[in-house]
**Student:** 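Got a structure for you, written out below as structure tokens; questions coming shortly.
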Amino acid sequence: GVLLDTLKGSSVIMGIISNAQFYTPLLFSAHLGAGLEDLGFRKDLIFFSYELGYCKPSSTAFKKAARTLMNEGIEPGQALYLGNDILKDIIPAGEAGLQTVLFAGDARSLNLREDDDRCRGIIPDMIVTSLSQVIDYLE
């Protein structure tokens with residue numbers, strides 16, 4: 001989409017942390033017409049649970065991503081993590097020191113987990129309802 005196209009042509013470094021199955025990378029190719037690296041994601045910042053052996057809400061992949069960024073001279077607080085789940089995205093990304101962005105533009109995928117005590121009082125750094133808002137923020 002527009003967000004990926006805009007970021008690919010910029011100096012923004014992109015990564016992904018996903019509770020993925022072995023076929024997930026193939027879905028990107030099928031739906032977006034290109035593999036993750038061709039879409040602008042850095043190979044060393046692609047973390048799939050099926051490869052790592054653990055999944056979100058573990059903060060391990062987020063901490064690995066933060067270390068990779070620090071090795072590039074980028075502080076974790078300079079990075080945004082965009083997710084749609086308070087427990088599986090916002091909490092572990094925050095624990096790794098990343099800025100957290102909750103995507104609330106799709107009611108079907110938004111997961112606030114209001115009945116989960118672990119999620120009470122958790123407030124992301126930013127809430128967006130459109131991916132174009134991320135572009136506006138980065139500019």
Side-chain angles (χ1 to χ4, degrees):
V2 174
L3 178 62
L4 289 178
D5 290 341
T6 300
L7 296 180
K8 181 179 177 184
S10 74
S11 61
V12 172
I13 297 170
M14 290 193 298
I16 186 168
I17 299 171
S18 176
N19 283 350
Q21 304 301 319
F22 71 92
Y23 55 81
T24 301
L26 300 173
L27 294 175
F28 281 96
S29 295
H31 291 287
L32 299 174
L36 287 171
E37 289 178 63
D38 294 327
L39 292 168
F41 291 90
R42 271 195 22 188
K43 185 175 184 168
D44 61 343
L45 288 170
I46 297 173
F47 301 96
F48 288 134
S49 60
Y50 78 94
E51 294 176 327
L52 298 170
Y54 50 82
C55 59
K56 302 183 292 183
S58 169
S59 63
T60 306
F62 294 90
K63 291 175 181 174
K64 285 184 175 198
R67 278 193 301 277
T68 300
L69 292 171
M70 285 190 290
N71 289 338
E72 298 278 330
I74 301 167
E75 290 299 316
Q78 294 175 289
L80 296 179
Y81 185 82
L82 174 69
N84 63 338
D85 189 307
I86 294 290
L87 178 66
K88 293 182 179 179
D89 294 317
I90 302 306
I91 291 175
E95 288 174 351
L98 306 171
Q99 290 184 55
T100 56
V101 181
L102 180 67
F103 177 65
D106 179 4
R108 293 169 298 166
S109 68
L110 178 62
N111 204 336
L112 298 175
R113 299 185 185 265
E114 295 172 310
D115 295 333
D116 190 324
D117 288 340
R118 297 171 292 181
C119 299
R120 285 209 170 85
I122 301 296
I123 300 170
D125 295 310
M126 183 168 48
I127 299 172
V128 297
T129 55
S130 165
L131 296 177
S132 65
Q133 292 171 294
V134 177
I135 297 168
D136 294 341
Y137 178 75
L138 291 173
E139 291 174 344

**Student:** Do Ile74 and Val101 belong to the same hydrophobic cluster, where Ile, Leu, Val, Met, Phe, Trp and Tyr are linked whenever their side-chain heavy atoms lie under 4.5 Å apart, directly or via other members?
**Tutor:** no
**Student:** Looking only at atom types and distance, does a side-chain atom of Asp38 sit under 3.5 Å from a main-chain N or O of Ala34, one as donor and one as acceptor?
**Tutor:** no
**Student:** Checking side chain to side chain contact (heavy atoms under 4.5 Å, CB included) for the pair Leu45/Ile13: CA distance, chi angles, key distance, verdict?
**Tutor:** CA-CA 9 Å; Leu45 288 170; Ile13 297 170; 3.4 Å; yes
**Student:** When you group the ILVMFWY residues by side-chain heavy-atom contacts below 4.5 Å and let the links chain together, are Leu39 and Ile135 in the same group?
**Tutor:** yes
**Student:** Sorted by first residue and then second, give each salt bridge (charged side-chain N to carboxylate O under 4.0 Å, His left out) pair with at least one member in residues 24-34; sequence neighbours left out.
**Tutor:**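 Residue pairs with at least one partner in residues 24-34: there are none.
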**Student:** Is Met14 reachable from Leu69 through a run of I, L, V, M, F, W or Y residues, each pair having side-chain heavy atoms under 4.5 Å apart?
**Tutor:**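 Cluster IDs for Leu69 and Met14 differ.
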**Student:** Can you name the closest pair of heavy atoms from Ser109 and Asn84 and give their distance?
**Tutor:** O-ND2, 2.8 Å
**Student:** Would a hydrophobic clustering, with Ile, Leu, Val, Met, Phe, Trp and Tyr connected at side-chain separations under 4.5 Å, put Val12 with Ile46?
**Tutor:**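 Per the 4.5 Å side-chain linkage, Val12 and Ile46 are co-clustered.
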**Student:** Taking only residues two or more places apart in sequence or in another chain, which ones pass ring pair (Phe, Tyr, Trp, His ring centres under 6.0 Å) with Tyr50?
**Tutor:**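 Expected list: Phe48.
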**Student:** Show the numbers, then the answer: is there a side chain to side chain contact (heavy atoms under 4.5 Å, CB included) between Leu112 and Cys119?
**Tutor:** CA-CA 8 Å; Leu112 298 175; Cys119 299; over 6 Å; no
**Student:** Which atom pair, heavy atoms only, marks the closest approach of Gly15 to Phe41?
**Tutor:**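 What the structure gives for the nearest pair is O-CE2, 3.3 Å.
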**Student:** Tell me the closest heavy-atom pair linking Asp89 and Gly83, and the distance in Å.
**Tutor:**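 Scanning both residues, the minimum pair turns out to be OD2-CA, 3.5 Å.
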**Student:** Sorted by first residue and then second, give each ring-ring contact (aromatic ring centres under 6.0 Å, His included) pair with at least one member in residues 19-38; sequence neighbours left out.
**Tutor:**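 Every pair satisfying ring-ring contact (aromatic ring centres under 6.0 Å, His included) with a residue in residues 19-38: there are none.
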**Student:** Check each of Val128, Leu110, Ile122 against Leu102 using the side-chain contact (heavy atoms from CB on, under 4.5 Å) test, and report the only one that passes.
**Tutor:**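 Checked Val128, Leu110, Ile122 against Leu102; only one passes side-chain contact (heavy atoms from CB on, under 4.5 Å): Leu110.
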**Student:** Which heavy atom of Ala96 sits nearest to which heavy atom of Pro76, and what is that distance?
**Tutor:** O-CB, 3.6 Å
**Student:** Sequence neighbours left out, what passes salt bridge (Lys or Arg N to Asp or Glu O under 4.0 Å) with Asp44? Give chain and number order.
**Tutor:**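 Partners of Asp44 by the salt bridge (Lys or Arg N to Asp or Glu O under 4.0 Å) criterion, ordered by chain and then number, come out as Arg42.
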**Student:** So which pairs with a foot in residues 79-116 pass ring-ring contact (aromatic ring centres under 6.0 Å, His included), sequence neighbours left out?
**Tutor:** Phe62-Tyr81
**Student:** For residues 57-66, which residue pairs qualify under salt bridge (charged side-chain N to carboxylate O under 4.0 Å, His left out), counting only residues two or more places apart or in two chains?
**Tutor:**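 As it turns out, there is no salt bridge (charged side-chain N to carboxylate O under 4.0 Å, His left out) pair with a partner in residues 57-66 once direct neighbours are skipped.
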**Student:** Please enumerate all residues that pass salt bridge (Lys or Arg N to Asp or Glu O under 4.0 Å) together with Asp136, with sequence neighbours excluded.
**Tutor:** none
**Student:** If you compare all heavy atoms of Ala65 against all heavy atoms of Phe47, which two are closest, and at what distance to 0.1 Å?
**Tutor:** CB-CE1, 3.7 Å
**Student:** Apart from Met70 itself, what residues make up its hydrophobic cluster when side-chain heavy atoms of I, L, V, M, F, W and Y under 4.5 Å apart count as a link, directly or indirectly?
**Tutor:** none
**Student:** If I take atom CD1 from residue Ile91 and atom CZ from residue Arg113, how far apart are they, to the nearest 0.5 angstrom?
**Tutor:** 9.0 Å
**Student:** Applying the 4.5 Å side-chain criterion to the ILVMFWY set and letting contacts propagate, would Ile127 and Ile123 be lumped into a single cluster?
**Tutor:**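 No; tracing contacts between hydrophobic side chains, which count when under 4.5 Å, never links both residues.
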**Student:** Rounded to the nearest 0.5 Å, what's the gap from CG on Leu138 to OG on Ser10? Could you check?
**Tutor:** 7.5 Å
**Student:** Any side-chain hydrogen bond (donor to acceptor under 3.5 Å, both in side chains) pairs touching residues 118-130, not counting sequence neighbours?
**Tutor:** Thr100-Asp125, Asp116-Arg118, Asp117-Arg120, Thr129-Gln133, Ser130-Ser132
**Student:** Scan for ring-ring contact (aromatic ring centres under 6.0 Å, His included) pairs involving residues 117-139, sequence neighbours excluded, and state none if there are none.
**Tutor:** none
**Student:** What pairs meet the salt bridge (charged side-chain N to carboxylate O under 4.0 Å, His left out) rule with one or both residues in residues 92-107, with sequence neighbours excluded?
**Tutor:** Asp106-Arg108
**Student:** Applying side chain to side chain contact (heavy atoms under 4.5 Å, CB included), can you list everything that pairs with Asn19, at least two apart in sequence or on another chain?
**Tutor:** Ser49, Cys55, Lys56, Lys88
